[in-house]
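Letters A, B, ... are given to chains in the order of the sequence lines, protein chains preceding strands, and every chain is numbered from 1.
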There are 2 protein chains.
Amino acid sequence: MARKFSERGDIVPVLAEIFREHGFAGASLSEITRRTGLGKGSLYHFFPGGKDEMGQAVLDDVANWFELNVFKPLRESEDPAAGIDHMFRATVRFFNSGRRICLVGSFALDDTRDRFATAIHGYFAAWVVALEAALRRGGFDGRRARDTAEDVVAGIQGALVFARSQDDPRLFTRAVRRLQQMTAPA
Amino acid sequence: MARKFSERGDIVPVLAEIFREHGFAGASLSEITRRTGLGKGSLYHFFPGGKDEMGQAVLDDVANWFELNVFKPLRESEDPAAGIDHMFRATVRFFNSGRRICLVGSFALDDTRDRFATAIHGYFAAWVVALEAALRRGGFDGRRARDTAEDVVAGIQGALVFARSQDDPRLFTRAVRRLQQMTAPA
DNA sequence: GTATTGTTGTACCGAACGGTACAACTAAAG
DNA sequence: CTTTAGTTGTACCGTTCGGTACAACAATAC
C-alpha cells in the first residue's frame with residue numbers, strides 16, 4: 001500500500017469552513033483547491049462525486065460531532081439537567097461563541113436544501129427529539145417539553161443569524177444563556 | 001418621454017423571490033432573465049450596477065415594507081400591545097406563514113453579508129429597537145425589554161430556518177405564537 | 001411628419017465554472 | 001530492485017458565468 005499523503009478526514013474540516021464562509025453555491029473549486037492545498041486530481045480522488053459529495057461529507061461530519069458531543073450526552077446522561085447543561089456548553093464551543101455560523105442552517109435556506117434534504121432534516125429533528133426527551137425526563141410534561149425543545153433549537157439558529165448580522169458574537173452567547181434558563185425546571 | 005414597458009418596482013419582487021430560492025451567489029443572470037422575462041439589455045438598463053444593485057434594491061424593498069408595516073406601527077401605535085400584535089400578524093403574513101424564508105437572514109449567513117453589511121445590520125437593528133421601545137412602553141423594564149426584543153427577532157429567524165429544514169411551515173406559526181406570549185405583560 | 005427619449009433583444013466578450021483524463025510520482029510490500 | 005496501489009499535478013473539456021455594446025424599436029413631444 002502506498003502512503004497516504006492526505007486523508008479525507010483532514011480535508012473535511014477545511015471544506016466545512018469554506019462552505020460556512022461562502023455557502024455551498026458560492027464555494028468554488030478554485031477556492032477549495034487553494035485552501036486545501038490539493039489539486040483537482042487529489043480532490044476528485046477523495047470525492048469522486050465532486051462538490052456534492054464534499055457537501056455530504058461535511059454534513060456527515062457535523063452530524064457525527066453532534067451525535068457524539070450533544071445528542072448522546074443528552075440521551076444518556078443520568079441527570080437530564082447535566083445532559084442539557086453539557087449540550088449548551090458544547091454548542092457554544094462548537095459555534096466558537098457565536099463567531100461561527102451553522103453550516104446546516106445555511107444549507108437549509110437556499111435551494112441547496114433540496115440536494116441535502118435528508119441530512120438537513122435529520123440534523124434538526126435529532127436535536128429536537130433528544131432535547132425533548134431530556135426535558136421530559138427532567139419533569140417537563142409532553143407538550144411543554146416538545147415546545148421548549150423546538151424553541152431552544154430554533155432559538156440557537158436565530159441567535160447565530162442575528163449575532164452575525166450585527167457582527168457581534170456576544171449577542172449569541174447572551175441569547176444562549178436565556179435559552180438555557182427556559183430549560184430550568186419550573 | 002417614452003412609455004415605460006417595465007418598471008424597477010415591478011421587477012424587484014421577482015428578484016426577491018429568486019434570491020430567496022437560490023441565495024445571492026446561486027441566483028444566475030440566466031435565471032433572472034428567464035423569470036423576469038427581461039433580456040439582459042433591460043436588466044442592465046434598470047440596474048446598471050448589475051447583480052449587486054439588484055441585491056441592494058431587493059434589500060431596500062424589504063426594508064421599506066418592514067418600516068411601513070412593522071416598525072412604524074410598533075413605534076406609533078397608541079396602545080403598544082396593539083402595535084406588537086400588529087407586528088406578529090404582519091410578520092406571519094410576510095413570511096407566508098412560514099413557507100417563505102427571510103432574504104435578509106439568508107444574505108447574512110455567507111460572504112454575501114460583506115457586500116450588504118449596512119443594510120443587513122440595519123434591518124435587524126431597527127426591528128429590535130422598535131420592538132424594545134414598544135415593550136418598554138408596555139411596562140417591561142429596560143433590561144427585560146431589550147432581551148425579549150432580541151429573543152423575539154432572533155426567534156423568528158430561527159423558526160424560519162427550522163421550519164424550512166423540516167419542510168413544515170406550521171413549525172413556524174406555532175413558534176411565533178409562543179414568541180408572542182413572551183411579549184404579553186407579566 | 002420628425003426628433004427625442006426610454007426600452008428592448010441579440011450578439012458577443014473574457015473569465016471562471018465544475019468536471020475529466022491521464023501521465024508522473026511516491027512509498028510501502030514482495 | 002521490482003511490483004503494486006495510492007496519490008498528485010497539469011492540461012484540457014464544454015458550459016455557464018456576469019457583464020458590455022449597440023442597433024432596433026416604441027411611444028410621446030413637437
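A cation-pi contact links A:Arg144 to A:Phe140, judged by a cut-off of 6.0 Å to the six-membered ring centre and 45° from its axis.
In this structure, B:Phe47 atom CZ and D:dG18 atom P are separated by 15 Å, rounded to whole Å. In this structure, NE2 of B:His45 is placed 9 Å from C1' of C:dT8, rounded to the nearest angstrom. Between the CG atom of A:Leu43 and the P atom of D:dG6 there is a distance of 19 Å, given to the nearest Å. Here the P atom of nucleotide C:dC17 and the NE2 atom of A:His22 are 11 Å apart, to the nearest Å.
Side chains of B:Pro48 and B:Glu53 form a contact here, defined as non-hydrogen atoms less than 4.5 Å apart.
Residue contacts shown for A:Ala27 are limited to sugar-phosphate atoms, with no base heavy atom under 4.0 Å away.
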side-chain contact (heavy atoms from CB on, under 4.5 Å) between A:Met54 and A:Val12, intermediate numbers included: CA-CA 8 Å; A:Met54 299 180 205; A:Val12 171; over 6 Å; no
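With hydrogens and angles disregarded, a donor-acceptor distance shorter than 3.5 Å links the side chain of A:Arg8 to the backbone of A:Phe46. Checked by atom type and distance alone, the side chain of B:Lys40 never pairs as donor or acceptor with a backbone atom of B:Ser30 at under 3.5 Å. The closest donor-acceptor contact from the side chain of A:Gln157 to the backbone of B:Val161 lies at 3.5 Å or more, if one exists at all. The backbone N or O of B:Ala145 sits nowhere less than 3.5 Å from a side-chain atom of B:Thr148 that would complete a donor-acceptor pair.
Applying the salt bridge (Lys or Arg N to Asp or Glu O under 4.0 Å) test to B:Arg34 and every residue at least two apart in sequence or in another chain returns B:Glu31. Under the salt bridge (Lys or Arg N to Asp or Glu O under 4.0 Å) criterion, A:Arg100 pairs with A:Glu17, sequence neighbours left out.
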Return all side-chain donor-acceptor pairs below 3.5 angstrom for residues 110-118 of chain B, not counting sequence neighbours, or 'none' if the list is empty.
{"unit_1": "B:Asp110", "atom_1": "OD1", "unit_2": "B:Thr112", "atom_2": "N", "d": "2.9"}
{"unit_1": "B:Asp110", "atom_1": "OD1", "unit_2": "B:Thr112", "atom_2": "OG1", "d": "2.4"}
{"unit_1": "B:Asp111", "atom_1": "OD2", "unit_2": "A:His22", "atom_2": "ND1", "d": "2.7"}
{"unit_1": "B:Arg113", "atom_1": "NH1", "unit_2": "A:Arg164", "atom_2": "O", "d": "2.9"}
{"unit_1": "B:Arg115", "atom_1": "NH1", "unit_2": "B:Asp52", "atom_2": "OD1", "d": "2.6"}

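Closest approach to the A:Tyr44 side chain among C:dT20, D:dT7, C:dT7 is made by C:dT20 (side chain taken as heavy atoms from C-beta onward).
Within residues 48-59 of chain A, no residue is approached by DNA chain D to less than 4.0 Å at the level of any non-hydrogen atom. Shown for residues 29-38 of chain A: residues whose heavy atoms fall under 4.0 angstrom of DNA chain C, namely A:Leu29, A:Ser30.
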Just the atom pairs and distances: protein N or O near nucleotides 12-14 of chain C's N or O, under 3.5 Å.
none

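Remark: B:Arg99 CZ is packed, more than 12 non-hydrogen atoms of other residues, nucleotides or ligands lying under 6.0 Å away.
Taking side-chain N and O atoms only, A:Ser28 has no distance below 4.0 Å to OP1 or OP2 of C:dA16.
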